[in-house]
Amino acid sequence: MLLPVFTLKLRHKISPRMVALGRYDGTHPCLAAATQAGKVFIHNPHTRSQHFSASRVFQSPLESDVSLLNINQAVSCLTAGVLNPELGYDALLVGTQTNLLAYDVYNNSDLFYREATDGANAIVLGTLGDISSPLAIIGGNCALQGFDREGNDLFWTVTGDNVHSLALCDFDGDGKKELLVGSEDFDIRVFKEDEIVAEMTETEIITSLCPMYGSRFGYALSNGTVGVYDKTARYWRIKSKNHAMSIHAFDLNSDGVCELITGWSNGKVDARSDRTGEVIFKDNFSSAVAGVVEGDYRMDGHIQLICCSVDGEIRGYLPGTAEMRGNLMDASVEQDLIRELSQKKQNLLLELRNYEDNAKAELSSPLNEADGHGGIIPANTKLHTALSVNLGSEAQAAHAELCISTSNDTIIRAVLIFAEGIFLGESHVVHPSIHNLSSSIRIPITPPKDVPVDLHLKTFVGYRSSTQFHVFELTRQLPRFSMYALTSPDSGSEPLSYVNFIIAERAQRVFMWLNQNFLLPEDTNIQNVPFQVCFTSLRNGGQLCIKIKLSGEITINTDDIDLAGDIIQSMASFFAIEDLQVEADFPVYFEELRKVLVKVDEYHSVHQKLSADMADNSNLIRSLLVRAEDARLMRDMKTMKNRYMELYDLNKDLLNGYKIRCSNHTELLGSLKAVNQAIQRAGRLRVGKPKNQVITACRDAIRSNNINTLFRIMRVGTASS
Amino acid sequence: MDLNLNRADYLQVGVTSQKTMKLLPASRYRATQKVVVGDHDGVVMCFGMKKGEAVTVFKTLPGQKIARLELGGVLNTPQEKIFIAAGSEIRGFTKRGKQFLSFETNLTESIKAMHISGSDLFLSASYIYNHYCDCKDQHYYLSGDKINDVICLPVERVLHDVPVLACQDRVLRVLQGSDVMYEIEVPGPPTVLALHNGNGGDSGEDLLFGTSDGKLGLIQITTSKPIHKWEIRNEKKRGGILCIDSFDIVGDGVKDLLVGRDDGMVEVYSFDNANEPVLRFDQALSESVTSIQGGCVGKDGYDEIVVSTYSGWVTGLTTEPIHKESGPGEELKINQEMQNKISSLRSELEHLQYKVLQEREKYQQSSQSSKAKSAVPSFSVNDKFTLNKDDASYSLILEVQTAIDNVLIQSDVPIDLLDVDKNSAVVSFSSCDSESNDNFLLATYRCQANTTRLELKIRSIEGQYGTLQAYVTPRIQPKTCQVRQYLIKPLSLHQRTHFIDHDRPMNTLTLTGQFSFAELHSWVVFCLPEVPEKPPAGECVTFYFQNTFLDTQLESTYRKGEGVFKSDNISTISILKDVLSKEATKRKINLNISYEINEVSVKHTLKLIHPKLEYQLLLAKKVQLIDALKELQVHEGNTNFLIPEYRCILEEADHLQEEYKKQPAHLERLYGMITDLFIDKFKFKGTNVKTKVPLLLEILDSYDQNALIAFFDAA
């Protein structure tokens, strides 16, 4: 069994996911972690005599080998590593919601301090693609930004939503690193420099990513899922009721392949095989795990796996030796295997006995009520399922409907639907009261997003008085655009907004795509080109028209730019289109965006004005304080009192000003997010190269503050007219 | 000395009941012993271990479910005759498997517990106790509540028969012939009895008991009165006790106490100089431990604890080290044995799989025909639904012989499901549809692989009653699920007790009318937990109850045509009144309900709540301060500048936080009960004060006892 080689207990709390190990003087590894009250502590067990005496760093009063770094703001991400290869030692990088600090611990100086308007939720340090110097890449509010050693902004791009996790990994095996971005819209995107090369949709917010080796990487979601991807294919995943706080790749059993080490919110640490997800080692902390890192903390030439808990407990593990033959847990593997096999045997025996009982039951009298009690039903009972669109009534909003019915007089006691992303939890249960039992059940389903979902159904079938039920298990797929009902083309006015593009596909293929992605009534027949289909959204009643001309030109009319993007992306993957240029116009949306852009300017100017005010006030404070103190020394108590009263008022003003600044800042962030999203959406209307061109061109337009060009790019896809 | 025990699985039989595995006496000291075990399929199996392989000595044919298995024989000779209780029959086998006894007791209920001493046979079914001598009926007793276990003090030492019954109503009944000599109240419903040291200790009168809420105690049963010697409270909130044995596993010459619990815990207690038990060893198995015994099975010369578990595993926790000091060849041999075992299992599995495939095909074909029927495999679910006194919540434990796939929990009353640290299942709460489908809670638990036991915690509200249903789906083919129902009673937080404080101010509810004793009893059963379903003997009966959350009490006395309920809590009386009148109307019985309200009782109840409320408020306040204080501590480096009160909070921070976490929503529950009390007080006066509730909540927010009492008086 693998035991920790060292255990430390620090008297500082550790903020979750804010742990990094670095050699800040080039030789001694030190642990840096964010703690309470906007501080970062650096645990340096190797050089005890060293004392910092500068303004930023001070000695921890609680422990001799810990020094504290004052950030004065909640730390939102932290990492350490080589930012400047010439220095020969590691830099510490600390991100907050407004700034990024690169800090030289050894010399106790700032390497750079940059404002990050989009915030820094996640940070990763390393080389990206062809950019030669190491970059500190931060991910914030829909934006990604990379800084070099001097703080120059060498990399900037946008992504679909707020970034929660970043990792660098050689995704396509070309020897250069790609950037993996996990964001709030459940997507993992892969950036080859600023070009998106792959997108994987997950089921929850991606909280952590870590490179394993080659193109393999681990991920963790906020619902307690962890798993491993190889390129775009998921190898395995497991879900726990606890949350994965930190994941890390480390070869714990010395077999030459990294395992996925996960630190959980309940204090558990486990190592899972990268291929199967099988647990090969586990340990327990008394409180949640804050971070998992690796390094030679004992300076004896062996790399340890280091796990930290939020209460400041730190344990280091050495990889298992060859003699342990990968057997890191105390229970013997053979024993477990025997148990498992024996359990299997019992299950098979149980099943066998059941068939025997069935055979006996067949010989006995025909079915009666008493049989139903024990869960006996006709053997030819079948379950039918059908998906359709229900336009709703006054009592109930429109929805997609799943109808389940049995083929005879048996009843459905309950239906369990396990599906990800469309219900509150992972499951939805329909359990009619005992008076309303029948042989068919209609279940309304309203997926919040346009994604295809697998519905895993478990249906309990039996009789009214049954205490034991048959469980019918089956899987149905809910099409991507199930929340759109087919309507006749002439009904309602056509939306003004449209996208226009040409694809070389036969009408039948287009119809196949329609059939696969929409819930069409069964009697819908194939029409000849040119044809037109119209849909109404069940969510907001918005119209959607898809027109195909003889020339292969497709026009999609909808006011929903996201929907248009989804349709184009779905078509592109169905028809395997690599590049697609699209002409688009969304007058309403563009008008809104124009307003947002105006607002952003306003917020910026307000921000500047407020900052200037604050600077003025702080000067005033200084002079007031001096005058008050003077008065005190002169024993002129009355003046002193007045001065302090003024100071008090000024302080109040400052506080108010701060509140205004805060709200201004949140507004600004919101608007910036909208802008970033607009660029992302404009990109999603195109496929392949044109998509990247649009994003790059939009960004340039925003940088040069050329709003008209921006809209032209969004419309036609290029800046040049 | 540290006790180090290694686990070795021997064999799996069918599902086992409590106390159905024994070791046959050894031929000499520390020689290997044979194991006999009886399961739910009715099979008695006797086996020994040879070179790591289980060698069957004998195995009987399947029959009725075996409830107990005991060893017996002529007194003062080796006890090596095997007796089993199945249905209402007792059967006896020699150690070679020859049946020498088949005794049909003609009891109407099936036998639940059995004790054997020489030619005396002590049996108990649910409520009936019977003593036979040489299979002739001697004595008989009808108990007021369910009998869980029966034992008799060693007759060779105390010189006459002293049978003791462990009854569900928290009482041990000591009998003399057919009469109760005296009753002993124990802290929980006793589930198992055992003789101390296996022989009743120094006096032969020392009796060990274990309760379903995990408590353990020793009582000396003297001829005149019981003497409580010690008691171990269940501080770690472990499972209920299912089996006890005495065996010197530590090897210090004093017999240790071996305990098996229903959450899979195996514990060893040894005794210190003052003869007080001290926990020496514990190990968690994954399922209920149904029987436990110390002995030697795997290898002679090595003592071990042999246990059987719910799903039928016979497992040894042995002192034999896994990795021996001897040469590397030895280890190889052990490995070889293991490999042989595995490969034989594998081939057996393959054979079975083939057979199952064939059967499956046949089954598929039969499903085409319209006449055929399809049954589902019946599997046994071991469930327990109990009220925890400590936090006034129910715990529901479900255990299945095979791995559980998922569990659906449905309730038609508003209840809260709490998280249990131990269970690893992924819980998901489903939205409850607005239609009149009577669903207040729908939740699924998707279990991780190899979960055979699931524990849930449920918080109920008094006055809201209905049914909780659990649909258990195990991982067996064809897929099937079983539904289990649990009643949430109107006074769900009450618990039976045997003594109450008669000096409290009481409110009285009196029922009179044309109803029988049995009818009224059934209503009491409907309202209150822990009441035996069978109407007790006699014309008039009195039960006492205690509210586990507020410590208020309830006394119920009833006979044919009249029932009197007294409680110091108005809400309790109010709930009873509502429920009883509803039940009576349902059965069209004319009830006269009269009540007497004691104004003082409200103040009294508020005073009872006061310390709890104050404690919770203070705790919440302290916990709120912890983070800020810690920050100050980090900033300033020491805590000398803080006032002692704050320093104290910092010192106790961990403890406080743990306490706070343990009692989620405790404060809200207290508030809820005070609000109920307020509404109920005025309901009896005929005024509706629901409009004043927001005012009450305001007062509670800035809590002061006098202000609250004044508000109750003034409104």
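From a predicted model like this one, the values you see are computed outputs, not experimental measurements. Sequence lines set the chain letters: A, B, ... in the order given, protein chains first and strands last, and positions in each chain run from 1.
- Listed options A:Pro444, A:Ser342, A:Pro432 were ranked by heavy-atom pairs under 4.5 angstrom with chain B; first place goes to A:Ser342.
- Proximity to chain A (any heavy atom under 4.5 Å) is shown, for B:Arg484, by neither the backbone nor the side chain.
- Of the two parts of B:Thr402, the backbone and the side chain both hold a non-hydrogen atom closer than 4.5 Å to a non-hydrogen atom of chain A.
- Looking at A:Glu351, both its backbone and its side chain come within 4.5 Å of chain B, counting heavy atoms on both sides.
- For the pair A:Leu352 and B:Glu359, the minimum side-chain heavy-atom distance is below 4.5 Å.
- For A:Phe41, no part sits under 4.5 Å from any heavy atom of chain B, backbone or side chain.
- For chain A, the nearby part of B:Glu348 is the side chain; its heavy atoms alone come within less than 4.5 Å.
- Among B:Thr452, B:Leu11, B:Asp9, B:Asp419, the residue with the largest count of heavy-atom pairs under 4.5 Å with chain A is B:Asp9.
- For A:Phe469, the parts lying under 4.5 angstrom from a heavy atom of chain B are both the backbone and the side chain.
- Chosen from B:Val472, B:Val427, B:Asn423, the residue pairing most often with chain A at heavy-atom distances under 4.5 Å is B:Asn423.
- Under the 4.5 Å side-chain criterion, counting only non-hydrogen atoms from C-beta, B:Ser424 is not in contact with A:Lys241.
- When heavy atoms are compared at a cutoff of 4.5 Å, B:Gln448 approaches chain A solely by way of its side chain, counted from C-beta outward.
- The shortest distance between side-chain heavy atoms of B:Gln469 and A:Arg413 falls below 4.5 Å.
- The structure places CG of A:Leu349 at 12.0 Å from CD1 of B:Ile476, a figure rounded to the nearest 0.5 Å.
- In this structure, CD on B:Gln482 lies 12.0 Å from CZ on A:Phe460, to the nearest 0.5 angstrom.
- Residues B:Leu352 and A:Lys345 share a closest heavy-atom pair of CD1-CG, 3.6 Å.
- Comparing B:Arg360, B:Gln353, B:Lys355 by heavy-atom pairs within less than 4.5 Å of chain A, the highest count is held by B:Arg360.
- Applying the 6.0 Å contact sphere to CG of A:Leu424 captures no more than 12 heavy atoms from other residues, nucleotides or ligands.
- Of all heavy-atom pairs spanning B:Thr480 and A:Val471, the tightest one is C-CG2, 3.5 Å.
- Put simply, the residue from A:Lys458, A:Gln468, A:His431 that forms a side chain to side chain donor-acceptor pair (under 3.5 Å) with B:Tyr471 is A:His431.
- Counting heavy atoms of neighbouring residues, nucleotides and ligands inside a 6.0 Å radius, atom NZ of A:Lys239 exceeds 12 of them.
- Only the backbone of B:Val13 comes within contact range of chain A, judged by heavy atoms closer than 4.5 Å.
- Note on A:Gly425, A:Ser287, A:Ser427: by heavy-atom pairs under 4.5 Å with chain B, the leading option is A:Ser427.
- Closest of all the heavy-atom pairs between B:Leu408 and A:Ala414 is CD2-CB, 4.1 Å.
- Here A:Glu426 is the residue among A:Glu473, A:His428, A:Glu426, A:Lys344 with the most heavy-atom pairs under 4.5 Å with chain B.
- Of the atoms belonging to B:Ala8, heavy atoms from both backbone and side chain fall under 4.5 Å from chain A.
- Proximity to chain A (any heavy atom under 4.5 Å) is restricted, for B:Asn406, to the side chain, taken from C-beta onward.
- Heavy-atom distances place the side chain of A:Gln346, and not its backbone, under 4.5 Å from chain B.
- Heavy-atom distances place both the backbone and the side chain of A:Leu341 under 4.5 Å from chain B.
- Only the side chain of B:Thr315 has a heavy atom closer than 4.5 Å to any heavy atom of chain A.
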